[in-house]
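Below, chains carry the letters A, B, ... as their sequence lines are ordered, and counting in each starts from 1.
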There are 2 protein chains.
Amino acid sequence: MSRNPDNPYSKLERIFHEPARLIIMSQLLGTVDGVTFTDLRDACGLTDGNLSRHLATLERAKAIRIDKSFAGHRPQTTVCLSQQGRDDFMAYLQALEAVLLDAADKVAARQGRPASLRSLFGPRLARA
Amino acid sequence: MSRNPDNPYSKLERIFHEPARLIIMSQLLGTVDGVTFTDLRDACGLTDGNLSRHLATLERAKAIRIDKSFAGHRPQTTVCLSQQGRDDFMAYLQALEAVLLDAADKVAARQGRPASLRSLFGPRLARA
DNA sequence: ACAAAGGACTTTGCGGTGCAAAGCAAAAAA
DNA sequence: TTTTTTGCTTTGCACCGCAAAGTCCTTTGT
């Protein structure tokens, strides 16, 4: 990875390339006003400790904002995607797509047929 | 990730989810008779040490076979995708695709337009 | 009023791993 | 013969994901 850092794989930002953070970011992608800690935990199927740690990591990278307030008398943490986080994550997703297309090409070439994501990965792309 | 292990993200096999191994497997996907250590190293842009370690990991997972022979008087390591490795990696790629589609849906929903991978990630998918 | 239970997180400990640098053995070059 | 190059493997360390434990407050019995 170090010798030619201009391939699509080198753009796979480590910060997002972790399954737990991938799912966190995907959840946040669908929101406008952020999500509470507990909702996010349940939606992602993560343990409290895990989510806490990953959120800290994402906050350090300025991908999210973490607002602490109260709901009634209980503490309530709200997680919100930052604009930079949204932009960076979209860039990461595009890099992922490039990786996928590259692999699809390889398989197609080996089988001597034209590259076709649909026939490689099934009919789901028909929706696009 | 531990609470509901039935989401597409939980299928992102760690063994393949490492950028270096992702590129290694993608390279192998295009081959029939395997690749030499040095060719693979150059194609992937990895250092010797790095490639060696990742190959050992992939071999332990039975994703590849490593054949050692001689070319003339020099040692020559040939790396070959196993059938299981090919199958498992294809499954991983499908999981990746599901993640991508999920994210695309989230973005589309937030913007109030129908899900469309093409418009999210650019025109490259038009080839499919 | 007091104790026990529950909620909302955070911190700790550790096993695993990616990476670069160093090491090694054989062959080719000088 | 000494040096350099080739073709790898091993070592060391710093980082990191994860589960378990801990903290602090609130609510619910009794």
> Who passes side chain to side chain donor-acceptor pair (under 3.5 Å) against A:R21, sequence neighbours left out?
Replying inline: A:H54
> Got a sec, which residues hit side chain to side chain donor-acceptor pair (under 3.5 Å) with A:R60, two or more places apart in sequence or on another chain?
Replying inline: none
>> Going by salt bridge (charged side-chain N to carboxylate O under 4.0 Å, His left out), name the residues that satisfy it together with B:R65, two or more places apart in sequence or in a different chain.
In response: B:D67
Starting at [atom1] of [X] and ending at [atom2] of [N], how long is that distance when rounded to a whole Å?
X	N	atom1	atom2	value
A:L46	D:dC18	CG	P	8 Å
A:E18	C:dG16	CD	P	16 Å
B:F70	C:dA25	CZ	P	14 Å
A:F16	D:dC16	CZ	P	15 Å
B:H54	D:dT9	NE2	P	14 Å
B:E59	D:dT9	CD	C1'	13 Å
B:D39	D:dT6	CG	P	14 Å
B:H17	C:dG18	NE2	P	11 Å

> Any side-chain N or O of B:R14 under 4.0 Å from OP1/OP2 of D:dG17?
Replying inline: no
>> Please tell me if B:H73 has a side-chain N or O lying less than 4.0 Å from either OP1 or OP2 of C:dA28.
In response: no
Let me have the donor-acceptor pairs involving side chains of residues 74-90 of chain B, under 3.5 Å, with sequence neighbours excluded, atom names and distances please.
from: B:T77; atom 1: OG1; to: B:K68; atom 2: NZ; distance (Å): 3.2
from: B:S82; atom 1: OG; to: B:K62; atom 2: O; distance (Å): 2.8
from: B:S82; atom 1: OG; to: B:A63; atom 2: O; distance (Å): 3.1
from: B:S82; atom 1: OG; to: B:G85; atom 2: N; distance (Å): 2.8
from: B:Q83; atom 1: NE2; to: B:D87; atom 2: OD1; distance (Å): 3.0
from: B:Q84; atom 1: NE2; to: B:D88; atom 2: OD2; distance (Å): 3.3
from: B:R86; atom 1: NH1; to: B:L29; atom 2: O; distance (Å): 3.4
from: B:R86; atom 1: NH2; to: B:T31; atom 2: O; distance (Å): 3.4

>> What I'd like to find out is whether the side chain of B:D48 reaches to under 4.5 Å of the side chain of B:F37, using heavy atoms alone.
In response: yes
>> Counting primed atoms plus P, OP1 and OP2 as sugar-phosphate and everything else as base, spell out the protein contacts along nucleotides 5-13 of chain C at 4.0 Å heavy-atom distance: B, S or - for each nucleotide, 5' to 3'.
In response: --SSBBBBB
> Would you say B:H17's side chain and A:H17's backbone share a donor-acceptor pair under 3.5 angstrom?
Replying inline: yes
